[in-house]
2 protein chains.
Amino acid sequence: MAETETSRPKRSNDPVAMRRRILDVAAEAFQARGYHATSTHDIMHAAGVTGGALHHHFPSKKALALAVIRERVAAAVRETWIEPIQAAPTARDGVLAVFGRTARELDERRRVLGCPVNNLAIELALADAELRQALQDVFAEWQAAILRKLRADQETGAVGPADPDAMAAFVVMSFSGAMALAKTRQSTEPLETCARQLKAMLGGDAAGAAPDPAAA
Amino acid sequence: MAETETSRPKRSNDPVAMRRRILDVAAEAFQARGYHATSTHDIMHAAGVTGGALHHHFPSKKALALAVIRERVAAAVRETWIEPIQAAPTARDGVLAVFGRTARELDERRRVLGCPVNNLAIELALADAELRQALQDVFAEWQAAILRKLRADQETGAVGPADPDAMAAFVVMSFSGAMALAKTRQSTEPLETCARQLKAMLGGDAAGAAPDPAAA
DNA sequence: TCAAAAACCGGTCAACCGGTCTGTTATTGT
DNA sequence: ACAATAACAGACCGGTTGACCGGTTTTTGA
């Protein structure tokens, strides 16, 4: 009578799904509360995972952070930034579309969590060289995608900034800063302000604005 | 013979200096390692202070953070940003001077620690409402100082951006983002790139560039 | 088929963290 | 002069943190 089907502790191993669950929970927690403010126990409990499983897939908390950066944060940047930029007709359109979409999504939530890359970069860049490199790689990939689009625009004869390399970097940094402000103020207004300013730099509203005919 | 002057445990209370020492050490540690990565024991040891003294002046770690923000971070912003901006002939000159000075100082150190306000804002804005408000106040004071100068420029007839309010916010956020990038890359290059782009927005090299004669 | 490896369990541990407490010394108000 | 109070000393504590490890179950591969 103690051998009913409920007493049978059947288990099925699914290491891929297990790893994914841990990574999802960790990525969310790291963004919402930060790396140091999140304990491994928090992650274990939230993911419904035992210490043994966590330690099996990620031997240390740092290893977990590294995986989150390389597999989740980088993926988020690709999805929200790189792909939309590539798909857009011009870099300017792509950038503005991303800003608009980000602001809209933030309005729907009640909390502004900030930019995942930026959050972790500021907390971890000085803590560990390997983590810093991983973060740097994400920033570099992001910036490179914008630069690629900017260069493609130039070849198709569209109006564009004088220095595409600097402009690509500037888009990344002003977005990061805007998200930091938005997080502090808990408002999307900085995002909109930033978008408006970048819009002016990436070419006026009409076809040909006044970027550089008077320069040099 | 055991009563030499070295064996006399004379103590002289100097609560103001004591408080200042704690605050100095805490501000430095919070910027270099972050809030959560710094323990109260670290601060006690680095400042040569006992737990009793620390607790007497700052009843909790949060209270210490609040004091650091309001008395050290805010002061740093006033010294490195607000005063130079006020003293400069125009907002444009002031902003560029601050960027130049910051990049130069960072070059002299071997580590880029990032912007103190931004660092703490990203780590603490979501952790506590009171801390968030204090950080927001610092950002607001910073932005207001730039705006004041921008408006003063307009009244003296100098060329300036169409929307001074948005531009003031944009300077703050792009600087924050540039510092985040600089911290991640451990390079001052993002600072210089950002300065160059802002320079173009705040009026060209020569007296009258092409900011808005074609604008609506 | 069956040993080896991978996946997972869950308890344990030392170090640490932030805070509290009691006691001692210095300063101040009257 | 002398309480009252502020300033400081330093031990102490409960809870947490990240990591570790022996054991069990599942899967793999030959």
Side-chain angles (χ1 to χ4, degrees), chain A residues 3 5-27 29-30 32-68 120 123-124 127-128 130-131, chain B residues 3 5-27 29-30 32-68 120 123-124 127-128 130-131:
Chain A
E3 291 291 334
E5 68 272 20
T6 58
S7 70
R8 192 146 43 118
K10 203 57 160 298
R11 197 180 75 190
S12 64
N13 289 352
D14 190 348
V16 177
M18 170 77 81
R19 204 187 117 98
R20 185 170 49 78
R21 264 225 320 289
I22 296 172
L23 231 37
D24 285 341
V25 167
F30 286 167
R33 271 163 283 157
Y35 175 79
H36 290 292
T38 303
S39 74
T40 54
H41 291 278
D42 289 341
I43 295 170
M44 280 164 47
H45 185 263
V49 164
T50 63
L54 178 60
H55 185 260
H56 175 73
H57 288 282
F58 306 100
S60 70
K61 195 185 177 186
K62 174 190 159 180
L64 178 56
L66 211 48
V68 165
L120 289 178
E123 196 177 356
L124 300 174
D128 182 275
E130 213 169 345
L131 292 173
Chain B
E3 291 292 332
E5 67 271 20
T6 57
S7 69
R8 195 148 39 120
K10 201 60 156 299
R11 199 181 74 190
S12 65
N13 289 351
D14 190 348
V16 177
M18 171 74 82
R19 206 188 116 98
R20 186 170 47 78
R21 265 227 318 290
I22 296 172
L23 231 36
D24 285 341
V25 168
F30 287 167
R33 270 163 283 157
Y35 176 79
H36 291 293
T38 303
S39 73
T40 54
H41 292 276
D42 290 342
I43 295 170
M44 282 164 46
H45 187 261
V49 164
T50 62
L54 178 60
H55 183 259
H56 176 74
H57 289 281
F58 306 98
S60 69
K61 195 184 178 187
K62 173 189 160 180
L64 178 56
L66 211 48
V68 165
L120 290 178
E123 197 178 357
L124 300 175
D128 182 275
E130 213 169 345
L131 292 173

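Quick note on labels: first sequence line is chain A, next is B, and so on, each numbered from 1.
Each of B:P15 and A:P59 was assigned the nucleotide of DNA chain D with the nearest heavy atom; the assignment lying further toward the 5' end belongs to B:P15. The nearest heavy atom of DNA chain C to B:N13 and to B:H36 marks one nucleotide each, and the one closer to the 5' end goes with B:H36.
As rounded to whole Å, 12 Å separates atom C1' of D:dT27 from atom CG of A:D14. Atom pair B:F58:CZ and C:dT20:P shows a separation of 16 Å (rounding to whole Å applied). In this structure, A:L64 atom CG and D:dT17 atom P are separated by 15 Å, rounded to whole Å. Nucleotide D:dC8 holds its C1' atom 12 Å from the CZ atom of B:R21, rounded to whole Å. For the pair A:H57 NE2 and D:dA19 P, the computed distance is 16 Å after rounding to whole Å. Look at CG on B:L54: it is 13 Å from C1' on D:dG10, rounded to the nearest Å.
B:H56 has a side-chain polar atom (N or O) that falls below the 4.0 Å cut-off from OP1 or OP2 of D:dA7. OP1 or OP2 of C:dT20 lies within a sub-4.0 Å distance of a side-chain N or O belonging to B:H55.
Listed by first then second residue, pairs satisfying side chain to side chain donor-acceptor pair (under 3.5 Å) with a partner in residues 41-60 of chain A read A:S39-A:D42, not counting sequence neighbours.
Side-chain atoms of A:E123 do not come within 3.5 Å of backbone N or O of B:E123 as any donor-acceptor pair.
Annotation: side chain to side chain contact (heavy atoms under 4.5 Å, CB included) contacts of A:A26 (sequence neighbours excluded): A:F30, A:I43, A:L64, A:V68. With sequence neighbours excluded, no residue forms a side-chain hydrogen bond (donor to acceptor under 3.5 Å, both in side chains) with A:R33. The salt bridge (Lys or Arg N to Asp or Glu O under 4.0 Å) search around B:D14 returns none, not counting sequence neighbours. For the side-chain hydrogen bond (donor to acceptor under 3.5 Å, both in side chains) test, no residue two or more places apart in sequence or in another chain qualifies with A:R21.
In this structure, the separation between CG on A:L66 and NZ on A:K61 is 14.0 Å, given to the nearest 0.5 Å.
A heavy atom lying under 4.0 Å from DNA chain D marks the following residues of residues 37-53 of chain A, by number: A:T38, A:S39, A:T40, A:H41.
When each of D:dT27, C:dC8, D:dG18 is scored by its nearest atom to the side-chain atoms of A:M18, the top-ranked nucleotide is C:dC8.
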